[in-house]
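Lettering of chains follows the sequences in order, A, B, ..., and the numbering in each one begins at 1. Because only heavy atoms are used, hydrogens play no part in the values below, and waters and symmetry mates are left out as well, while side chains stay in.
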Amino acid sequence: MTVDEPPIALSDQRRQAMAVRLLAWYDRHRRHLPWRAAPGDRADPYRVWLSEIMLQQTTVVTVKPYFDGFLARWPSVADLAAAPLDTVLSAWAGLGYYARARNLHKCAQEVVARHGGAFPADEAALLALPGIGPYTAAAIAAIAFDQVASPVDGNIERVMARIHRVEKALPAAKPEIRTLAQTHTPPRRTGDYAQALMDLGATICTPRKPVCALCPWQADCAAYAHGAPMTWPRRTPKAAKPHRTGLAFLYYRGDGQVLFRRRPEQGLLGGMTEVPCSPWLPQSEAAEVDFDNLLKAAPIAANWATLDGQVQHVFTHFSLALTVLAAQTDARQVPVEDCFWHPLDDLESLALPTVMVKVLQHGMRQLR
DNA sequence: AAATCGGGGAA
DNA sequence: TTCCCAGATTT
């Protein structure tokens with residue numbers, strides 16, 4: 001294997017042969033997933049759409065129980081459209097990227113109102129729906145409707161970057177890689193081809209240690225010929241995450257109810273339920289604000305007990321350390337708008353993001 | 001073009 | 001720890 005050999009320029013004929021070989025590999029190694037139809041059958045667009053939204057930046061293993069739960073609770077897009085948003089958010093709780101859940105609900109309502117309850121087959125019409133971007137529109141068009149479309153996800157990006165040894169770094173290389181993917185897309189069995197390519201990326205052409213010995217495209221791969229396929233795709237380094245701190249106010253009653261608050265519709269954890277908190281300040285700013293000042297953010301003044309330790313949580317673009325303060329009361333009224341009392345033994349009906357589950361667990365361990 | 005938006009599994 | 005996952009939307 002040479003190190004300086006240029007990438008292989010692939011002819012149309014060669015790309016066609018590659019697609020045939022990949023589909024043959026897929027027919028032998030096809031994974032069964034809950035949203036996939038039996039071989040030869042047309043997939044249910046509702047299932048394909050629901051799975052594709054859940055799978056955005058989320059692993060198959062994580063999605064499976066959520067997919068099963070949603071399908072059991074809302075068997076059709078009309079059922080989902082008729083559900084209150086809060087029940088959708090609570091069912092989505094823990095899956096992350098909560099704008100997906102809000103857009104999922106909005107999309108279901110648009111499919112019912114504007115498309116008679118049936119997803120459009122056209123890629124452009126799909127792209128116009130909430131929460132459906134370029135990848136998802138192409139994926140639904142190809143997988144559910146067998147249209148010729150080229151979805152490009154992280155797996156396909158990686159495969160294309162290796163096959164063609166793309167030197168430009170991601171994310172700047174996305175347009176180039178999208179064009180490359182289109183030149184490989186076959187005119188028939190396009191949905192199977194897209195899923196085959198994603199399976200290839202998930203099981204063979206993996207980020208760390210690709211299993212090139214089992215790859216149906218080994219002979220076509222410029223990165224394999226180079227000898228170090230794992231060094232593609234190139235990526236621009238990511239910025240370090242800043243750190244934020246804040247207080248969480250755990251206010252509990254003798255009858256087992258705790259004070260919660262609904263977060264604003266927009267922004268981080270939008271529309272989700274939280275334990276009331278002070279602002280989450282960058283560490284540099286938090287150092288300038290004294291403890292008593294942060295206490296003013298509490299919805300009810302109280303004789304707070306500071307719990308030991310902190311709750312640690314990492315979001316996409318910052319990490320967070322919350323100090324939990326606890327106080328007991330027999331208050332019945334709702335002190336501030338958007339706040340409400342809710343029994344601790346019925347957390348399932350709340351839309352609690354993971355960081356708030358951590359806060360409650362942190363509190364329960366020390367208050368019993 | 002860059003920033004925002006979760007959470008978890010794997011190495 | 002670091003990486004990255006069937007990305008979309010907003011700024």
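- For dG7(C), the OP1/OP2 oxygens have a side-chain nitrogen or oxygen of Gln57(A) closer than 4.0 Å.
- No donor-acceptor contact under 3.5 Å links the side chain of Thr136(A) to the base of dG7(C).
- We find that CG of Leu268(A) is positioned 16 Å from P of dT10(C), with the value rounded to whole Å.
- The side chain of Tyr97(A) places no N or O atom within less than 4.0 Å of a non-bridging phosphate oxygen (OP1 or OP2) of dT9(C).
- Contact check, His313(A) against dG7(B): a side-chain N or O comes under 4.0 Å of OP1 or OP2.
- Residues Lys209(A) and Lys241(A) both approach DNA chain B. Their nearest nucleotides, taken by heavy-atom distance, put Lys241(A) toward the 5′ side.
- Within 4.0 Å of Leu269(A), counting heavy atoms only, lie sugar-phosphate atoms of the nucleic acid but no base atom.
- In the model, Thr203(A) has no side-chain atom that pairs as donor or acceptor with a side-chain atom of Arg31(A) under 3.5 Å.
- Gly201(A) comes within 4.0 angstrom of nothing in the nucleic acid, heavy atoms only.
- Between Arg189(A) and Asp27(A) there is a salt bridge, since at least one side-chain N of the basic residue sits less than 4.0 Å from a carboxylate O of the acidic one.
- A side-chain donor-acceptor contact under 3.5 Å links His362(A) to the backbone of Asp308(A).
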Stepwise side-chain hydrogen bond (donor to acceptor under 3.5 Å, both in side chains) check, Thr62(A) with Thr59(A): CA-CA 5 Å; Thr62(A) 302; Thr59(A) 57; 2.8 Å; yes

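- Side-chain atoms of Thr58(A) come within donor-acceptor range of the base of dG6(B), with a qualifying N/O pair under 3.5 Å.
- Using a 4.0 Å heavy-atom cutoff across all strands shown, Arg31(A) reaches at least one base atom of the nucleic acid.
- Note on Thr316(A): every side-chain N or O is 4.0 Å or more away from OP1 and OP2 of dT4(B).
- Separation of the P atoms belonging to dG6(B) and dT10(C) is 14 Å when rounded to the nearest angstrom.
- In this entry the distance linking CD of Gln56(A) with P of dG7(C) reads 7 Å, nearest Å.
- For the OP1/OP2 pair of dC5(C) and a distance below 4.0 Å, the side-chain nitrogens and oxygens of Arg158(A) include at least one atom meeting the criterion.
- Among the nucleotides dC4(C), dG6(B), dG8(B), the one closest to the side chain of Arg235(A) is dC4(C).
- Asp192(A) and Arg30(A) are not joined by a salt bridge, as no carboxylate oxygen comes within less than 4.0 angstrom of a charged side-chain nitrogen.
- Rounded to whole Å, the P atom of dA6(C) lies 23 Å from the corresponding atom of dC5(B).
- Between the CD atom of Glu157(A) and the P atom of dA6(C) there is a distance of 12 Å, rounded to whole Å.
- Residue contacts for Pro130(A): at a heavy-atom cut-off of 4.0 Å it reaches the sugar-phosphate backbone alone, with no base atom in range.
- OP1 or OP2 of dA3(B) has not a single side-chain nitrogen or oxygen of His317(A) nearer than 4.0 Å.
- When the C1' atom of dA2(B) is taken as reference, atom NZ of Lys238(A) falls 15 Å away, rounded to whole Å.
- Taking atom CD1 on Ile53(A) and atom P on dG7(C), their separation rounds to 11 Å, with Å as the unit.
- Atom CG in Leu200(A) sits roughly 13 Å away from atom P in dA6(C) (whole-Å rounding).
- Using a 4.0 Å heavy-atom criterion, one finds that Pro134(A) contacts the sugar-phosphate atoms exclusively.
- Within 4.0 Å of Gly270(A), counting heavy atoms only, lies no atom of the nucleic acid at all.
- DNA chain C is contacted by both Arg208(A) and Leu33(A); Arg208(A) maps to the nucleotide lying nearer its 5′ end (nearest heavy atom per residue).
- For the pair Pro229(A) and Tyr224(A), the tightest heavy-atom approach, listed with the atom from each and the gap, is CB-N, 4.3 Å.
- Rounded to a whole Å, the CG atom of Leu320(A) is 15 Å from the P atom of dT4(B).
- Taking atom CH2 on Trp49(A) and atom P on dG7(C), their separation rounds to 17 Å, with Å as the unit.
- Ion pairing between Arg253(A) and Asp330(A) fails under the 4.0 Å rule for side-chain N and carboxylate O.
- The Tyr135(A) side chain lies nearest to dA6(C) when the options are dC4(C), dG7(B), dA6(C).
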